[in-house]
Visitor: 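One structure follows; several queries about it will come next.
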Amino acid sequence: MTAMEREDLQDLLVRIDERVKTIQDDIREINMARRCISHHVKIKTLERMVWGCLAGVTGVGARIVYEALR
């Protein structure tokens, strides 16, 4: 491999690296833009529903145990 070929390969690798960094920055920007308040509210609502269902199931389970021991 000649010195000229090495320089060409190094230049190519530098351009590829710059392109990859640009793509990564674009993806990061897209991911940040996709986070919106409505999704956050929906997730909070779902969490509350899950905790509510869990509390209900726990209550029913406690009542079954109470009735069985009575």
Side-chain angles (χ1 to χ4, degrees):
M1 186 177 285
T2 65
M4 189 63 137
E5 289 175 346
R6 285 185 189 156
E7 286 181 26
D8 289 341
L9 285 176
Q10 285 178 346
D11 290 340
L12 181 62
L13 287 174
V14 167
R15 286 188 298 187
I16 290 172
D17 188 47
E18 290 172 355
R19 182 69 179 149
V20 168
K21 286 180 183 179
T22 303
I23 291 170
Q24 287 175 336
D25 289 338
D26 291 343
I27 291 171
R28 190 174 298 114
E29 288 176 14
I30 290 169
N31 286 337
M32 292 301 291
R34 287 172 57 196
R35 293 183 184 163
C36 73
I37 247 349
S38 65
H39 289 137
H40 183 68
V41 170
K42 288 177 185 176
I43 289 172
K44 251 186 171 173
T45 303
L46 287 172
E47 286 176 346
R48 289 177 182 156
M49 288 173 59
V50 167
W51 283 112
C53 289
L54 183 63
V57 168
T58 303
V60 169
R63 181 162 183 170
I64 290 171
V65 169
Y66 176 73
E67 292 295 327
L69 295 175
R70 199 163 137 188

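No hydrogens, no waters, no symmetry mates; every other heavy atom, side chains included, goes into these values.
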Visitor: Measuring from E7:CD to Q10:CD, what's the distance to the nearest 0.5 Å?
Guide: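 E7 CD to Q10 CD: 7.0 Å, rounded to 0.5 Å.
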Visitor: What residues form a salt bridge (Lys or Arg N to Asp or Glu O under 4.0 Å) with D26, not counting sequence neighbours?
Guide: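 Checked D26 against salt bridge (Lys or Arg N to Asp or Glu O under 4.0 Å); zero matches.
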Visitor: Residues in salt bridge (Lys or Arg N to Asp or Glu O under 4.0 Å) with K44, at least two apart?
Guide: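 Not a single residue meets the salt bridge (Lys or Arg N to Asp or Glu O under 4.0 Å) criterion with K44.
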Visitor: Taking NZ, NE, NH1 and NH2 as the nitrogens, is one of them in D11 or R15 under 4.0 Å from a carboxylate oxygen of the other?
Guide: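 Salt bridge between D11 and R15, a charged N being under 4.0 Å from a carboxylate O: no.
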Visitor: Evaluate salt bridge (charged side-chain N to carboxylate O under 4.0 Å, His left out) for E67 paired with R70, printing each intermediate quantity in order.
Guide: CA-CA 5 Å; E67 292 295 327; R70 199 163 137 188; 3.5 Å; yes
Visitor: So if I apply the side chain to side chain contact (heavy atoms under 4.5 Å, CB included) rule between I23 and each of V20, D25, I27, which one comes out positive?
Guide: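 Looking at V20, D25, I27, the match for I23 under the side chain to side chain contact (heavy atoms under 4.5 Å, CB included) is I27.
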